[in-house]
Amino acid sequence: MATLMDGRALAKTIRSEVLEHAGQLRRRGVTPGLAVVLVGDDPASAVYVRNKEKDCAECGIHSTVHRLPADITQDGLLVLLSRLNADPAVHGILVQQPLPERLDPFSVICAVDPKKDVDALHPENVGLISLDRPYFLPCTPAGVMALLEHYGIDPKGRHCVIIGRSHIVGKPMAQLMLARHATVTVCHSKTPDLGALTRQADILVSAAGKPGLVTGDMVRFGAVVVDVGINKNPDGKLAGDVVFAEAEPAAAYITPVPGGVGPMTRAILMKNTITAAVEATV
Ligand code: NDP
């Protein structure tokens, strides 16, 4: 039977460390602040933003949510970002994705001050991550690494197979794994015979957003299985990419969905906001 990697519990520990750190900053007269920008009324995004507000409250971080109408112009959004960049009370800025299709996400990401880019998506931060000198940790991949470390799993010399090559998960995941001396294979939708690769994985990270993609026969006996996917089943319940009931008997370690990587992503965001506040005061 696999050991369940409990992201909820570890995230709680991280949040209490962040709260302590926020208290130290407050005693020096600095209230760490996160500004979240939400464009439009996508219900899933609204839930994510509410969770971030909740996390900030628990961590002693002041949060402000800027709700903009779905028909906001690109210029209107950029004006707000430049105001937030200049605001000394705002240490971290996060623009909730996805943006309405009319808006260009790349120029929006580029408009955030890299020193406030707590999502680590600005080209400067992406470059620093690929040079193994991250200023901010990429939230989801760093959450995965923290979980592995907590459970005593060292990626060094292991074969890590990642499903997904997005800017937000797959690619930075590969960078962090390489930095920890794993041998890395990155798969995507054009990869033929996915199972032939996943069966070679000591550490399998799935971030495809496809429920049921990873079946039991795709998991090597004794592998570590990390399920980043968050999908909604037709019954409204959350599911990962991995067929948990099939993969769990083969795996040595496995993350649940929900309660695995999701809470870790949120906790790393809180950590990054503290990093931004600390750096702003030195
Ligand atoms: P994207 O849609 O941006 O990327 C998905 C990636 O998976 C792409 O690279 C795509 O390939 C690849 N892919 C899709 N289908 C297959 C397939 N059948 N076989 C192999 N590869 C495939 O998604 P994100 O990276 O933003 O998110 C991925 C998942 O993780 C989603 O479910 C998302 O909700 C979840 N997520 C969870 C987080 C958490 O905290 N747990 C945080 C962020 C995301 P190609 O490039 O060829 O299209």
Side-chain angles (χ1 to χ4, degrees), residues 4-8 10-11 14-15 36 42-52 54-55 94-99 101 105-106 109 118-121 126 129 136-148 160-177 184-201 204-215 217-219 225-233 236-244 254-272:
L4 211 59
M5 291 193 272
D6 187 348
R8 211 169 262 149
L10 183 55
I14 293 172
R15 286 198 301 274
V36 178
D42 174 51
S45 294
V47 172
Y48 288 134
V49 167
R50 266 203 305 279
N51 285 338
K52 281 163 192 156
K54 215 174 99 208
D55 291 341
L94 183 145
V95 182
Q96 185 65 44
Q97 308 277 350
L99 289 169
E101 267 180 26
F106 183 67
I109 286 164
V118 281
D119 242 353
L121 293 175
V126 173
I129 291 163
F136 292 118
L137 303 165
C139 295
T140 302
V144 171
M145 298 312 273
L147 259 181
L148 295 181
C160 175
V161 176
I162 299 164
I163 309 176
R165 57 174 164 178
S166 71
H167 301 308
I168 198 153
V169 189
K171 280 185 195 162
M173 187 76 252
Q175 302 284 6
L176 296 198
M177 283 289 178
V184 178
T185 300
V186 181
C187 307
H188 46 78
S189 67
K190 309 293 181 292
T191 302
D193 200 355
L194 188 62
L197 293 163
T198 62
R199 276 188 286 277
Q200 295 173 32
L204 175 59
V205 180
S206 186
K210 294 281 180 287
L213 178 66
V214 179
T215 47
D217 60 313
M218 293 167 72
V219 176
V225 179
V226 178
D227 193 352
V228 177
I230 300 180
N231 311 293
K232 226 176 204 169
N233 275 338
K237 286 206 176 119
L238 288 189
D241 293 347
V242 176
V243 183
F244 186 90
I254 191 165
T255 57
V257 177
V261 179
M264 293 300 297
T265 299
R266 287 165 53 185
I268 302 293
L269 176 69
M270 297 297 105
K271 229 174 145 166
N272 281 349

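Basis for what follows: all heavy atoms, side chains included, without hydrogens, waters or symmetry-related copies. Order of appearance sets the numbers: ligands from 1, and atoms from 1 within every ligand.
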**Message:** So for atom NZ, which belongs to K271, do other residues, nucleotides or ligands contribute more than 12 heavy atoms lying within a distance under 6.0 Å?
**Reply:** no
**Asked** More than 12 non-hydrogen atoms from neighbouring residues, nucleotides or ligands closer than 6.0 Å to NE2 on H167, yes or no?
**Response** no
Atom indices of ligand 1, in the order listed, that fall short of 4.0 Å to a heavy atom of [X]:
X: K210; value: 15 (N)
X: I168; value: 26 (O)
X: I163; value: 20 (C), 21 (N)

**Item:** Nearest-0.5 Å distance, CG of residue L148 to OG1 of residue T255
**Value:**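 If we round to the nearest 0.5 Å, L148:CG and T255:OG1 are 9.5 Å apart.
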**Euclidean distance, L269 CG relative to K52 NZ, rounded to 0.5 Å** =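 Going from NZ on K52 over to CG on L269, the span is 6.5 Å.
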Is the shortest N/O to N/O distance between [X] and ligand 1 below 3.5 Å?
X: V228; answer: yes
X: T265; answer: yes
X: S189; answer: yes

Suppose we measure from [atom] to each protein heavy atom; which comes out shortest, and what is that distance?
atom: atom 31 (C) of ligand 1; value: G209 CA, 3.6 Å
atom: atom 44 (C) of ligand 1; value: V169 CG2, 3.9 Å
atom: atom 12 (C) of ligand 1; value: G164 CA, 3.9 Å
atom: atom 24 (P) of ligand 1; value: S166 OG, 3.7 Å
atom: atom 9 (O) of ligand 1; value: R165 N, 2.9 Å
atom: atom 33 (C) of ligand 1; value: I230 N, 4.1 Å
atom: atom 20 (C) of ligand 1; value: H188 O, 3.1 Å

**Message:** Yes or no, since that's all I need: does a protein heavy atom fall within a distance strictly under 4.0 Å of atom 2 (O) of ligand 1?
**Reply:** no
Which is it for [X] and ligand 1 at heavy atoms under 4.0 Å: side chain, backbone, both or neither?
X: L213; answer: side chain
X: N231; answer: side chain
X: T140; answer: side chain

Check [X] against [Y] and note the closest heavy-atom contact, atom names and distance.
X: A208; Y: D241; answer: N-OD2, 2.8 Å
X: A142; Y: I268; answer: CB-CG2, 4.0 Å
X: F244; Y: P256; answer: CE1-CA, 4.3 Å
X: C160; Y: I162; answer: SG-CG1, 3.8 Å
X: D227; Y: G240; answer: OD2-CA, 3.1 Å
X: M145; Y: M177; answer: SD-CE, 3.8 Å

**Asked** Who's closest to atom 28 (C) of ligand 1 heavy-atom-wise, of G7, A207, P263?
**Response**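 Looking at heavy atoms only, A207 sits closest to atom 28 (C) of ligand 1.
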**Asked** Considering only heavy atoms, which of P172, A208, C187, A44 lies nearest to atom 5 (C) of ligand 1?
**Response** A208
**Message:** If the contact criterion is a heavy-atom separation under 4.0 Å, does G229 count as touching ligand 1?
**Reply:** yes
**Residues N272, C139; criterion side-chain contact (heavy atoms from CB on, under 4.5 Å); working and verdict** = CA-CA 8 Å; N272 281 349; C139 295; 3.7 Å; yes
**Prompt:** Can you find a heavy atom in the side chain of K171 that is under 4.5 Å from one in the side chain of S166?
**Reply:** no
